[in-house]
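Some notes on the structure that comes next.
As the structure lists them, so they are numbered: ligands from 1, and atoms in each ligand from 1. Start at 1 with the first residue, then count along the sequence.
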Amino acid sequence: MALEGRDLVSIFDFSDREVEALFDLADAMDEHKHVGMKVADGSILCTLFYEPSTRTRLSFEAAMQKLGGGVISVADATSTSVAKGETIADTVRIIESYADMIVIRHPLEGSARVAADYASVPVVNAGDGAHEHPTQTLLDLYTIRREKGGLRDLSVALVGDLRYGRTVHSLAFGLARFGADVTLISPRGLEMPPSLLERLEREFDCRPSQYHSLGDIVTDSASVRRRKGSQKALATELLATFDAVYVTRVQKERFESDDAYQAARRGYAITQDVLAWAQADALVMHPLPRVDELAYELDQDPRAIYFRQAAYGLPVRMALLAALLGKRPVKVKRARKGDYRPEPRHEVDFRKMAQLKCPNPLCVTNHEAYLGPRFTFVKRVSDLVACAYCEQEVPSPLGAASRG
Ligand code: NCD
């Protein structure tokens, strides 16, 4: 299936081969990124941001301008009719008459799916609450491919706030699809949600090892030297296995109170001492912005590639825009055995679901009143259904064997 006209709401929306074809196009875009490639002359991109952003919005806007297109932008939605109570559905139906594509960032989970459902132009999710951030994952995978020469057989550690970090939610699946060995390291209370772990195993046979202890050790690098025995051995052995260490900040804006945030963030930091145990060619990655989880002293280390990673956002987003707008052919190769390919989502009969409400308080369906309940069947599990917007899984009120 061609990429032209498609939405990118979730990392599940593109097949493995489509992701790779997009990266081939990004390689070509990278060669032209200084002079640009005027293929989207006359097209307009709207960036609709209800949450702060530097890299994502600016790199999308720069990418569109490099392609010769124009940009209209809502950088602070509180200055628009949203402040008067306009819904996402109405907002995107207005924007589609001015723009050929919409990139949306919104604090509610499932909001980008709503935008995609209501807009007739392609919609790209630039982050919907703690749910997903698929274009960050594209540029993360692209970075690994460029720096490591491929995406197969990698060992990657995801470190930090794995509970609320949307980048790592999308990335864990992106990595698992290409067969990576994934290790999760998070402070207590900020572990990856169990439903995501179950899905990783169910759909991709990926069972990440999980640690807090490495987190404890990296918290206080002096203690690495003091500590003896198995804990230290475990941490150093582990660090030596990673091709990439992907660090994230604690997502302050998702906590209910500042106290809860302060308690959760209490010290973990990657320092030069910690990196002493890592491979000589390991990549230290971060979606940025950083707070204090990556010491500035690391910036000089050749393994610290987070600024280069952010720079790759430009060719990747140029490729994505050109592909979705149909301005550049994307050569998608035939799928290999075991490749991931999106499948149609089977919805549960609406009448049977009418009583079911998504239990996630941050799901868009609990904030935008016109949205009815919509649930899809969960692959390989008969007694669960998932919210069609935020993907929260709930027991099926129809019981097991309810499909059909
Ligand atoms: C990330 C985000 O917005 O989720 N930032 C980004 O897009 N590069 C990561 C973060 O804010 O921590």
Side-chain angles (χ1 to χ4, degrees), residues 8-11 26 45 47-63 73-77 102-112 115 123-144 156-175 184-187 190 192-193 196 244-255 261 264-265 268-270 283-294 304-318 320-321 362 390-391:
L8 177 61
V9 169
S10 159
I11 195 63
L45 169 71
T47 50
L48 176 62
F49 277 58
Y50 296 76
E51 272 192 351
S53 170
T54 307
R55 272 151 296 275
T56 305
R57 187 171 64 81
L58 294 184
S59 63
F60 265 113
E61 294 181 0
S73 184
V74 175
D76 171 15
I102 299 171
V103 175
I104 181 171
R105 171 173 287 185
H106 195 286
L108 292 174
E109 299 178 22
S111 48
V123 168
V124 172
N125 180 7
D128 59 333
H131 181 221
E132 277 226 45
H133 193 348
T135 69
Q136 179 69 41
T137 293
L138 289 182
L139 79 89
D140 296 339
L141 293 177
Y142 182 75
T143 302
I144 296 175
V156 180
L158 305 181
V159 183
D161 184 348
L162 308 183
R163 179 177 177 185
Y164 296 117
R166 55 194 171 198
T167 61
V168 280
H169 293 166
S170 297
L171 182 58
F173 288 103
L175 289 167
L184 305 176
I185 303 163
S186 56
L190 297 181
M192 183 150 297
L196 298 194
V245 178
Y246 188 99
V247 186
T248 61
R249 76 182 165 97
V250 177
Q251 305 282 299
K252 183 175 187 201
E253 62 278 31
R254 313 268 175 241
F255 285 81
Y261 165 66
R265 75 190 278 261
Y268 76 96
I270 305 286
L283 307 176
V284 181
M285 302 175 68
H286 195 301
L288 302 175
R290 69 174 146 186
V291 182
D292 49 12
E293 62 283 350
L294 272 183
I305 54 150
Y306 26 88
F307 292 111
R308 202 147 75 232
Q309 176 187 355
Y312 286 135
L314 187 63
V316 168
R317 288 178 170 127
M318 284 171 76
L320 181 67
L321 294 176
L362 294 172
C390 75
E391 297 185 287

task: Mind listing the closest non-hydrogen atom pair of Leu314 and Ser59 along with its distance?
output: CD1-O, 3.8 Å
message: Can you name the atoms of ligand 1, numbered from 1 with element, that are less than 4.0 Å from a heavy atom of Thr56?
response: 6 (C), 7 (O)
field: Candidate pair Tyr50 and Ile104, rule side chain to side chain contact (heavy atoms under 4.5 Å, CB included), full reasoning
entry: CA-CA 8 Å; Tyr50 296 76; Ile104 181 171; 4.1 Å; yes
- prompt: Can you name the nearest heavy-atom pair linking His106 to Ser111, along with the distance?
  reply: CB-OG, 3.2 Å
query: So is Glu51 in contact with ligand 1, going by heavy-atom distances below 4.0 Å?
result: no
Interfacing atoms of ligand 1 (cut-off 4.0 Å, heavy-atom, Arg55): 8 (N)
query: Any N/O of His133 closer than 3.5 Å to an N/O of ligand 1?
result: yes
task: Can you spot which of Thr167, Ile185, Leu171, Val247 makes a side-chain contact (heavy atoms from CB on, under 4.5 Å) with Leu158?
output: Leu171
statement: Quick note on ligand 1: atoms under 4.0 Å from a heavy atom of Gln251 include exactly 10 (C), 12 (O)
field: Shortest protein contact, atom 11 (O) of ligand 1 (heavy atom only)
entry: Arg249 NH2, 2.9 Å
message: Taking the basic N atoms (NZ, or NE/NH1/NH2) and the acidic carboxylate oxygens, is any pair closer than 4.0 Å for Glu51 and Arg254?
response: yes
field: Within-shell test, Thr248 vs ligand 1, heavy atom, strictly < 4.0 Å
entry: no
field: Arg105 to Phe49 six-membered ring, cation-pi geometry met (6.0 Å, 45°)
entry: no
- request: For ligand 1, indicate whether the residue Leu288 contacts it via side chain, backbone, both or neither (heavy-atom separation under 4.0 Å).
  value: backbone
statement: So the atoms of ligand 1 within less than 4.0 Å of a heavy atom of Thr167 turn out to be 1 (C), 4 (O), 9 (C)
message: Is Ala126 close enough to touch ligand 1? Criterion: a residue heavy atom under 4.0 Å from a ligand atom.
response: no
message: Between Ser186 and Arg163, do the side chains contain a donor N or O and an acceptor N or O under 3.5 Å apart?
response: no
Ligand 1 atoms in contact with Pro289 (distance to a heavy atom under 4.0 Å): 10 (C), 11 (O)
field: Sub-3.5 Å N/O-N/O distance, Arg105 and ligand 1
entry: yes
query: Of the protein's non-hydrogen atoms, which lies at the shortest distance from atom 4 (O) of ligand 1, and what is that distance?
result: Arg166 NE, 2.7 Å
task: Quick one: pull up CD1 in Ile305 and CG in Leu283 and give me the separation to the nearest 0.5 Å.
output: 4.0 Å
field: Straight-line distance of Ile270 CD1 to Arg290 CZ, nearest 0.5 Å
entry: 12.5 Å
